[in-house]
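Only one structure is covered here, and it is reproduced in the block below.
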Protein chains: 2
Amino acid sequence: MARGSTTRPTSRDVAQAAGVSQAAVSLVLGDKWRGRVAEATAERVREAARELGYRPNLAARNLRLGRTRTVLLVVPALTTEFFAGVYTGAARVAAEHGFGVVLYPSPEGIGPARDPFASAQAALDGVIASSMAADALSAIRGEALPLVMLDSDPEGSLGAATVNLDIADGVRQVAEHLLGLGHRRFLHLAADVPSWTFEVRARELATRVAAVPGTSVVTARSPISIEDAVAATVRALSETGPRPTALVCDDDKLAAGAYKAVRRLGLRIPDDVSVTGLDDLALATAIDPELTTVRLDAELFGERGMRALLAVLEGREPEGGDIPVRLVVRGSTAPPR
Amino acid sequence: MARGSTTRPTSRDVAQAAGVSQAAVSLVLGDKWRGRVAEATAERVREAARELGYRPNLAARNLRLGRTRTVLLVVPALTTEFFAGVYTGAARVAAEHGFGVVLYPSPEGIGPARDPFASAQAALDGVIASSMAADALSAIRGEALPLVMLDSDPEGSLGAATVNLDIADGVRQVAEHLLGLGHRRFLHLAADVPSWTFEVRARELATRVAAVPGTSVVTARSPISIEDAVAATVRALSETGPRPTALVCDDDKLAAGAYKAVRRLGLRIPDDVSVTGLDDLALATAIDPELTTVRLDAELFGERGMRALLAVLEGREPEGGDIPVRLVVRGSTAPPR
DNA sequence: GCCCCTAGGTTTTACGTATAACGTCGGAGC
DNA sequence: GCTCCGACGTTATACGTAAAACCTAGGGGC
C-alpha cells in the first residue's frame, strides 16, 4: 500500500514493512522459521506480505534453487480428449506437489524451431513423453533430463522409467469377446502411426485370434482420422473373398470412420459386422449403435506418469505395474449371422 | 566436453572455452554484437556454445530481464477439441515470438489451491482467459497483468482487450437456414453455463426467429454433456403441445445428445426433426446423419488471442473485429414435413 | 565469575544472465 | 605530435531469492 510504485513488491519490501531483514521474510514464508524467528515476528511478516499482496518472484527462486518445479509433457497433438485427460491428471498431481506442467504437442510441433526445450519457455526439472510423439524423442534424449516414457516399450526405453496402459490385456478382452460371440474372420483397422503401443495391439490381436483354429485376421492401415478410416475400411471391405464379420479398430476415431464405411457399403452394425474401438472417447456413446470399446483412464495415466517422474526426481523407485483397462460392451458387437 | 561435471554449462563456461569474457558470449548469443565483436570472435563463441551444448538458463534470464516470455491461457477444461485448438493456435503464435504458453483449465481447477498463478509455476507476462472459465476470473483481475479476454462481453470487460468469435452471426446463419427451410417451431437446447457467449446465442436466436410471424422458441437447459443433453431433450420433447420441428443446440455435444433423445422417442432426423449444432467438432461428422453446424476456427481464435496479447504487451492497439464463422450444412436439417 | 548455549535474529553470498559503463589500441585528421 | 574516434572488447553490477555463516544478549550451570 505504502509504495506507489507499479512494480511488484519483493521480499525486501515485505521485510521493510514488517521491520525485519529480507532473510527473515524468506525464512518465515518458506516455513523454515521454527526456532529461528519468534512467533509474533513471524505473524508480523505474514501480515505484511498479505498487506502488500506479495508473491515470490519465481524466476529468482528458480535461479537460486537451481530447479523450477516445472515439467514438460510431450504429447502427440491434443486432437482427442485422450491426451487432454493425460494432461489433466498429470497437472493435478503436479499441483499437489507444487509443480507445474507445460505442454508440448509434438508432431505438428509448435513454432518454427520444433524444439521442445526452446518452445517451452521454461527451465525444466523433467520430462514426461508419450512414445507417440516420436519426432521429439531424440531431442528429449539429448537433454539428459529425468524422463518418464508413456506407452513405450519397456525393453527399448534404455533406463528411462515407463508407465504403460495394459493395452495388451485390453486387446485380449476384445479378442475373447468377439471370439466368444462366434466371430472367426477379423479385419484389423490399424493406426498408421509408428509407436510401440500400436505394435502391441497388432501382435496381441494376431496371437489371440490365431489361438483359435479356423480364424483369420486381415490388416488395413489408416492415419487416425475419420475420413482416412472411411477410405481404408471401404477399400478393405470391398476386396474379394469372404467378408470379415468383426472389425477391430485401434482407436475410437478409426471406429467412427468404420461405421460410416460400413453404412456406405449398405451393411448394418452389428447385424452384418461387429465393430470395436479403443479409448472410450465421448464419440463412443455419441454414435449409433454405441461403440463396444476399451476404456482407457487417461487421467489416471497422466497421474501415474507424474507420480513416476516425481519418484525419479526424488531418487525413489517409480511404482511399477501397468494400468488396467476394461472392455465396455455396448451395441456395436453381436454374434455373426 | 572438457568439463566432466554433471551440471549444465553456463555462459561463463562458453566464455572460457572461446577465450572471451562472459559478456561477449551474452552479446554474441543475444545477437547484439554487431560493431562490438569481430566476426571471427563471434564465430568462435558460437562454435564453443555448440560444442558444449550450451542453453541459456531461463530462470536467470527471466530474473535479469524482469519478464518471462510466458503467458497463461485460462480455459474451462479441455474436454473437447475446441480449447485444445485454441491452445494450439495460441502456442504456435507464441512460439513464433519466443513466447511459451502455460495452461490453466479452470472449472475443475488444478490442485488444492485453485489459484491459477500458484499452479502455473511460472512468472507470467500476461494472461489470455476464456470468459467461460468464470471461477478463475476474479483471481486474474486481482493480479493486474496484461489481459486478453476470449468470448467476453466487450462492454463488461472493463478495459481488457477482447477477442471474440462472431457467434451472433453464426446463430443468425442457423436461424436463416432453418427459417428458410420452413421451420416455425424451435427448441433451443441451451448450454447451462454462465457465460456471455451463451447469452448471445439465446438472444440472437430469439431475435431472428421473432422477426418472422407465427414462430415460437422454447428453451431447454442442459450442462454440456451428452448424457445430460439426452435427458433434457427427452423432457422438452415430451411436453404437450405442438412438437418443435427444429432443434437448435448451443454446441455439438448437446446436439449429439439430442440425436439420441430424438431416436429414443422414435423420431427420425431430419425427417421428423432437424438438428443443428455449433463448433464443428470431429463428433459432427461421426454421427449419422452428419450434423449441420457452425464451424468455429478454434486455432485461429487462439492465434488472434495471442496476437492481441502481444499487442498489449508491446503497447500497440490490438487488432479489432470479430472472427467470422460459417454455417456448414449437412444432413441433419431438412424442410419440416 | 566465566563459559557456553539458545533464541532470535542479521549480514552476506551465490545462482546465471544482460547490459551499462569503462578501457585500449591503432589509425585518420590536421 | 596530438587529438579523436571507431572497433573490439572487458569489468562491474543488478535482478530477487534462499540459506550459510555470523552476531548478540541473556540465562543456566558450575
Side-chain angles (χ1 to χ4, degrees), chain A residues 3 5-46 48-49 52-69 98 118 121-125, chain B residues 3 5-46 48-49 52-70 98 121-125:
Chain A
R3 316 171 69 252
S5 162
T6 169
T7 59
R8 286 181 21 172
T10 71
S11 60
R12 211 172 303 274
D13 297 324
V14 174
Q16 192 173 345
V20 298
S21 71
Q22 179 267 332
V25 173
S26 181
L27 287 171
V28 171
L29 268 38
D31 222 32
K32 299 218 158 59
W33 57 280
R34 266 162 274 265
R36 322 245 298 122
V37 177
E39 169 59 42
T41 312
E43 185 49 35
R44 231 169 52 238
V45 168
R46 282 189 288 260
L52 294 176
Y54 170 73
R55 279 180 190 280
N57 179 318
L58 292 178
R61 170 179 293 174
N62 290 341
L63 175 59
R64 175 70 238 255
L65 295 179
R67 62 182 161 70
T68 59
R69 293 187 164 269
Q121 278 286 327
L124 301 171
D125 281 355
Chain B
R3 314 172 69 251
S5 163
T6 172
T7 58
R8 286 185 17 175
T10 72
S11 60
R12 211 172 302 275
D13 296 325
V14 175
Q16 194 172 342
V20 297
S21 71
Q22 179 267 332
V25 172
S26 182
L27 288 172
V28 171
L29 269 36
D31 222 32
K32 300 214 159 60
W33 57 280
R34 267 163 274 265
R36 321 244 297 123
V37 177
E39 170 59 43
T41 312
E43 186 48 37
R44 230 167 55 236
V45 168
R46 282 190 288 260
L52 295 174
Y54 168 72
R55 279 180 190 280
N57 179 318
L58 291 178
R61 169 179 293 173
N62 290 342
L63 175 58
R64 176 68 235 258
L65 295 179
R67 61 183 160 69
T68 59
R69 295 185 161 270
T70 297
Q121 278 286 327
L124 302 171
D125 281 354

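To find a chain, count down the sequence lines: A is the first, B the second, and so on, and within it residues start at 1.
With DNA chain D read from its 5' end, the first of the two nearest nucleotides for A/Arg67 and B/Leu65 is the one closest to B/Leu65.
Taking CG of A/Leu29 as the reference point, atom CZ of A/Arg55 lies at 12.0 Å (rounded to 0.5 Å). B/Leu63 contributes atom CG, which lies 6.0 Å from atom CG of A/Asn57 (distance to the nearest 0.5 angstrom). The structure places CG of A/Leu58 at 8.0 Å from CG of B/Leu124, a figure rounded to the nearest 0.5 Å.
In this structure, A/Ser11 reaches the D/dT17 phosphate: one of its side-chain N or O atoms is under 4.0 Å from OP1 or OP2. Distances shown here put every side-chain N or O of B/Thr10 at or beyond 4.0 Å from the OP1 or OP2 atom of C/dG16.
At whole-Å resolution of the value, CD in A/Gln16 and P in C/dT10 are 13 Å apart. The interatomic distance linking A/Arg34 (CZ) with D/dA19 (C1') rounds to 17 Å, in whole Å. Straight-line distance from the CG atom of A/Asp31 to the P atom of D/dA19: 12 Å, rounded to whole Å. Put simply, NZ on B/Lys32 is 17 Å from C1' on D/dG9, counting in whole angstrom units. A/Asp13 places its CG atom 13 Å from the C1' atom of D/dT17, with the value rounded to the nearest Å. Counting to the nearest Å, the P atom of C/dT17 and the CZ atom of B/Arg55 are 13 Å from each other.
Residue contacts for A/Val20: at a heavy-atom cut-off of 4.0 Å it reaches the sugar-phosphate backbone alone, with no base atom in range. Within 4.0 Å (heavy atoms only), A/Leu63 reaches at least one base atom of the nucleic acid. Within 4.0 Å of A/Arg36, counting heavy atoms only, lies at least one base atom of the nucleic acid.
You'll find the side chain of A/Val28 stays beyond 4.5 Å of the side chain of A/Val25, heavy atoms only. Between A/Arg8 and A/Tyr54, the closest side-chain pair of non-hydrogen atoms is not below 4.5 Å.
The backbone N or O of A/Ala123 lies less than 3.5 Å from a partner atom in the side chain of A/Thr68, making a donor-acceptor pair.
Residue A/Asn57 places its side chain closer to D/dG16 than to any other of C/dG16, D/dA12, D/dG16. Minimum atom distance to the side chain of B/Leu27 is reached by C/dT19, of the listed D/dT17, C/dT10, C/dT19. When the nucleotides D/dT11, C/dT17, D/dA19 are ranked by their closest atom to the side chain of B/Ala23, D/dT11 comes out on top. Nearest to the side chain of B/Arg12, among C/dT19, C/dT12, C/dT17, sits C/dT17. Picking from D/dT17, D/dT11, C/dT10 the nucleotide with the shortest atom distance to the side chain of A/Gln22 gives D/dT17.
Partners of A/Thr41 according to the side chain to side chain contact (heavy atoms under 4.5 Å, CB included) rule, which considers only residues two or more places apart in sequence or in another chain, are A/Val20, A/Val37, A/Ala38, A/Arg44.
Non-hydrogen atoms lying under 4.0 Å from DNA chain C are contributed by A/Ala38, A/Thr41, all within residues 38-46 of chain A.
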